[in-house]
Amino acid sequence: MRIEYNCDLSGRNTFRMKVRCACFVEYGSVAELAALDWASLPKPWKHIGGGSNLLFTGDFPGTILHSAIKYVKYVDMGLDEVPVVVGAGVCWDELVAELCGHGLWGAENLSLIPGEVGAAAVQNIGAYGVEFKDIVSGVSCFDLQEMKPCKFSVAECGYGYRESMFKEAGGRYVITSVLLRLSRSPRPRLEYKGLAGVDASSPMAVREGVIGIRRGKLPDPEELGSAGSFFKNPVITAEAFVRVCNAAPGVTVPHFVLDGGMIKVPAAWLIDQCGFKGEREGGAAVYEKQPLVIVNATGNASPEDVLELERRIVATVHERFGVALSPEVEHL
Ligand code: EPU
């Protein structure tokens with residue numbers, strides 16, 4: 001167990017905002033979590049994973065909690081659907097590499113997504129036609145209201161596009177481990193158009209293909225601070241979509257029709273059309289190769305720089321297309 005007061009968080013958020021928190025707690029087991037002297041911890045309490053989907057808008061006045069529960073347990077390798085229990089503090093991509101190394105199918109499309117297992121379960125991470133919800137079958141938590149462990153089935157997790165019951169519950173449930181189900185039988189998922197030419201002979205081959213695509217489009221977190229996609233892809237009505245088309249005469253607007261008739265339009269396209277690629281605000285910038293990503297271009301961007309760039313993008317896209325973008329990155 002590690003408890004530190006007035007702790008520097010600059011190494012704990014991938015945007016590399018230079019902020020501090022009143023208290024930082026890192027625990028290594030459910031027992032340690034349960035044994036914490038909660039009454040002594042400054043509020044609010046906020047649990048983080050790898051800090052890869054967060055924007056600290058200033059110093060955090062309360063307690064930041066972090067899981068160091070790191071284990072990967074293969075329940076029965078003999079089954080075709082292999083159950084695997086994974087601690088919330090395990091690095092997501094290290095887990096994906098390990099699963100692919102064992103020849104298990106299911107997680108390979110989710111390669112190179114930053115962050116930790118607990119946050120993957122809160123956020124329902126997704127990429128290239130697969131979401132976390134497709135491979136999870138149960139989530140174990142510690143309930144901060146009742147102060148006791150509890151479990152949820154996938155149905156109870158209420159998963160949707162970057163959504164879950166855990167997000168709705170506003171931090172009540174600390175995820176301690178997840179139960180995944182991976183497949184021994186080949187199950188390549190290559191419907192996403194960018195994956196068309198990828199070698200699907202093994203989970204590792206697909207992983208390598210996905211890594212190649214992501215490296216070409218997304219900033220390397222080691223080189224450039226960011227929090228991945230800054231905005232969600234907006235889901236709009238058919239009437240709203242007609243307005244978008246009318247605002248871009250002569251251009252085919254990329255879109256995906258969802259069950260029920262609503263239309264998902266890529267936020268990257270809307271932002272790109274408004275000419276924001278490479279746009280700067282203080283130390284922050286819109287990433288050249290993928291305008292859905294805001295980067296800490298100088299390493300010295302302040303939260304205000306990022307917030308101002310966000311405000312300008314939202315206002316311009318709304319003015320031009322009548323579409324309200326909402327952030328995917330959580331603001332603290
Ligand atoms: N586009 C442009 N200009 C650009 C780049 C993209 O117009 O410079 C348009 C194109 O029409 C392209 C479309 O945007 O077809 C969609 O781009 P892409 O398929 O690369 O993905 P995305 O919708 O921008 C989502 C996720 C990513 C995930 C990719 C791949 C969200 C908010 N983002 O991005 O997730 O990796 O799909 O599946 O859903 C993340 O959440 O942090 C993240 C990176």
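By convention here, the first residue in the shown sequence is residue 1. In listed order, ligands and their atoms are each counted from 1. The analysis underlying the following values was restricted to heavy atoms, covering all of them including side chains, and did not include hydrogens, waters or symmetry mates. In this text, all values refer to a predicted model and were calculated from it rather than measured experimentally.
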Q: How are the rings of His255 and Phe241 set relative to one another: parallel (under 30°), tilted (30 to 60°) or perpendicular (over 60°)?
A: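 It falls in the tilted class, 30° to 60°.
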Q: Is it true that Arg172 and Asp143 make a salt bridge, defined as a side-chain N closer than 4.0 Å to a carboxylate O?
A: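 Yes, this pair counts.
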Q: If you link I, L, V, M, F, W and Y whenever their side-chain heavy atoms are under 4.5 Å apart, who else ends up in the same group as Trp38?
A: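 Joined to Trp38, directly or through intermediates: Met1, Ile3, Tyr5, Val25, Tyr27, Val30, Leu33, Leu36, Leu41, Trp45, Leu65, Ile69, Tyr71, Val75, Val85, Phe142, Leu144, Met147, Val174, Leu179.
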Q: Using a strict 4.0 Å threshold on nitrogen-to-oxygen distance, state whether Asp93 and Arg207 make a salt bridge.
A: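 A salt bridge is present here (some side-chain N lies under 4.0 Å from a carboxylate O).
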Q: At less than 4.0 angstrom from any non-hydrogen atom of Lys217, what atoms of ligand 1 do you find?
A: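 Those atoms are 18 (P), 20 (O).
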Q: State if Gln273 counts as touching ligand 1 under the rule of any non-hydrogen atom under 4.0 Å.
A: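 False for this residue.
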Q: Under 3.5 Å, side-chain donor or acceptor atoms of residues 258-275 against the rest of the protein: list the pairs with distances, not counting sequence neighbours.
A:
none

Q: Show me which atoms of ligand 1 lie under 4.0 Å from any heavy atom of Tyr161.
A: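 Under 4.0 Å from Tyr161, ligand 1 has these atoms: 31 (C), 32 (C), 39 (O).
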Q: Once rounded to the nearest 0.5 Å, what's the spacing between atom NZ of Lys151 and atom SG of Cys141?
A: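 Atom-to-atom, Lys151:NZ and Cys141:SG are 10.5 Å apart.
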Q: Give yes or no for whether the N/O distance cutoff of 3.5 Å, strictly under, is met between Lys232 and ligand 1.
A: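 In fact, backbone or side chain, Lys232 has no N or O that close.
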Q: In terms of atom number and element, which parts of ligand 1 are under 4.0 angstrom from non-hydrogen atoms of Gly228?
A: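 In order of number, 42 (O).
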Q: Show me which atoms of ligand 1 lie under 4.0 Å from any heavy atom of Arg162.
A: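 With Arg162 as reference, the close atoms of ligand 1 come out as 26 (C), 27 (C), 31 (C), 33 (N), 35 (O), 39 (O), 40 (C), 41 (O), 43 (C).
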Q: With heavy atoms of Ser229 as the reference, note each atom of ligand 1 found under 4.0 Å away.
A: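 Atoms satisfying the 4.0 Å criterion: 26 (C), 27 (C), 31 (C), 32 (C), 33 (N), 35 (O), 40 (C), 41 (O), 42 (O), 43 (C), 44 (C).
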Q: Give me the nearest non-hydrogen protein atom to atom 19 (O) of ligand 1 as residue plus atom name, then the distance to 0.1 Å.
A: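 I find the closest protein heavy atom is Tyr192 OH, 2.1 Å.
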Q: Heavy-atom pairs closer than 4.0 Å: do any link ligand 1 to the side chain of Pro266, the backbone, both, or neither?
A: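 Pro266 to ligand 1: side-chain contact only, backbone stays beyond 4.0 Å.
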Q: With respect to Tyr128, determine whether any N or O atom, backbone or side chain, lies less than 3.5 Å from an N or O atom of ligand 1.
A: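 Between Tyr128 and ligand 1, an N or O pair is found under 3.5 Å apart.
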